[in-house]
Engineer: 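This structure is in structure tokens; I'll ask about it shortly.
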Amino acid sequence: LPLMIVHADQDLTLPYREAVGAYEDAAAPKWLVTLHEMAHGEPYEDTPDPAEDLVVAATVAFWDRYLRGDQTAERRIIEAVTPAALATVVFEAGRFEGP
């Protein structure tokens with residue numbers, strides 16, 4: 001199954017190294033979006049956060065790719081995560097027998 005992990009590298013609740021380990025253990029297709037200098041829930045809270053739009057755009061593009069079969073969505077995930085000052089992404093496309 002496709003996997004997207006979005007994780008803050010300064011997360012004190014759930015250590016970032018665990019997200020990296022989960023990504024490394026998973027089969028492709030897989031994505032790891034690292035939010036730089038953020039804590040656990042910042043992009044998901046009511047307080048405005050610079051990563052909020054990034055998280056929404058990357059997540060929607062991920063679902064478009066793997067639920068709708070939209071091949072252009074992989075590019076949109078990468079575009080959502082740039083510029084690299086706020087976040088970075090690594091991925092392994094792999095083979096997906098979906099829509």
Side-chain angles (χ1 to χ4, degrees):
L1 295 176
L3 172 70
M4 175 181 269
I5 299 171
V6 179
H7 203 98
D9 60 4
Q10 300 299 310
D11 192 332
L12 299 176
T13 304
L14 184 63
Y16 177 69
R17 69 181 179 279
E18 292 184 24
V20 172
Y23 174 81
E24 290 171 348
D25 291 344
K30 58 185 180 177
W31 298 78
L32 174 62
V33 176
T34 301
L35 305 175
H36 299 299
E37 299 180 19
M38 292 181 206
H40 185 72
E42 290 174 354
Y44 309 100
E45 296 172 351
D46 291 334
T47 306
D49 184 271
E52 188 173 322
D53 291 339
L54 176 158
V55 170
V56 169
T59 303
V60 169
F62 177 82
W63 293 127
D64 284 349
R65 169 62 187 98
Y66 297 106
L67 294 179
R68 293 186 173 177
D70 181 353
Q71 298 293 327
T72 67
E74 289 181 2
R75 177 182 42 81
R76 290 189 292 128
I77 295 169
I78 295 166
E79 290 172 353
V81 177
T82 55
L86 187 58
T88 52
V89 62
V90 292
F91 73 99
E92 187 178 327
R95 185 174 173 190
F96 178 63
E97 302 279 337

Engineer: Test Y16 against every option in D11, D9, T34 by the side-chain hydrogen bond (donor to acceptor under 3.5 Å, both in side chains) rule and name the one that passes.
Structural biologist: T34
Engineer: Sequence neighbours left out, what passes side chain to side chain donor-acceptor pair (under 3.5 Å) with E79? Give chain and number order.
Structural biologist: R75
Engineer: So, for T88 and V81, which heavy atoms are closest and what is the spacing to 0.1 Å?
Structural biologist: C-CG1, 3.5 Å
Engineer: Between F91 and M4, is the side-chain contact (heavy atoms from CB on, under 4.5 Å) condition met? List the steps.
Structural biologist: CA-CA 9 Å; F91 73 99; M4 175 181 269; over 6 Å; no
Engineer: Looking at CD1 of I77 and CH2 of W63, how far apart are the two atoms once the value is rounded to the nearest 0.5 Å?
Structural biologist: 10.5 Å
Engineer: Do I78 and F62 share a hydrophobic cluster (ILVMFWY, side-chain heavy atoms under 4.5 Å, transitive)?
Structural biologist: yes
Engineer: State yes or no: do Y23 and V6 share one hydrophobic cluster built from I, L, V, M, F, W and Y residues joined by side-chain heavy-atom distances below 4.5 Å, directly or via other members?
Structural biologist: no
Engineer: Could you pull out the closest heavy-atom pair between A87 and H36, with the gap in Å?
Structural biologist: CA-CD2, 3.3 Å
Engineer: Show the nearest heavy-atom pair for residues A57 and A80, with the distance to one decimal.
Structural biologist: CB-CB, 3.7 Å
Engineer: Under the side-chain contact (heavy atoms from CB on, under 4.5 Å) criterion, do L54 and L35 qualify, and how do the steps go?
Structural biologist: CA-CA 9 Å; L54 176 158; L35 305 175; 3.8 Å; yes
Engineer: Quick check on the hydrophobic clustering: are I5 and L67 connected, directly or via other members, by side-chain heavy-atom contacts under 4.5 Å?
Structural biologist: no
Engineer: Quick check: closest heavy atoms across Y66 and E74, and the distance to 0.1 Å?
Structural biologist: OH-OE2, 3.8 Å
Engineer: How close do A93 and P29 get, heavy atom to heavy atom, and via which atoms?
Structural biologist: O-CB, 2.8 Å
Engineer: Under a 4.5 Å side-chain heavy-atom rule over Ile, Leu, Val, Met, Phe, Trp and Tyr, are V20 and V90 clustered together?
Structural biologist: yes
Engineer: For a quick test of reading the model, state the closest non-hydrogen atom pair linking A51 to L86 and the distance between them.
Structural biologist: CA-CD2, 4.1 Å
Engineer: Measure the NE2-CG distance between H7 and L32 for me, rounded to the nearest 0.5 Å.
Structural biologist: 9.0 Å
Engineer: How many angstroms lie between atom CD of E24 and atom CD of E92, to the nearest 0.5 angstrom?
Structural biologist: 11.0 Å
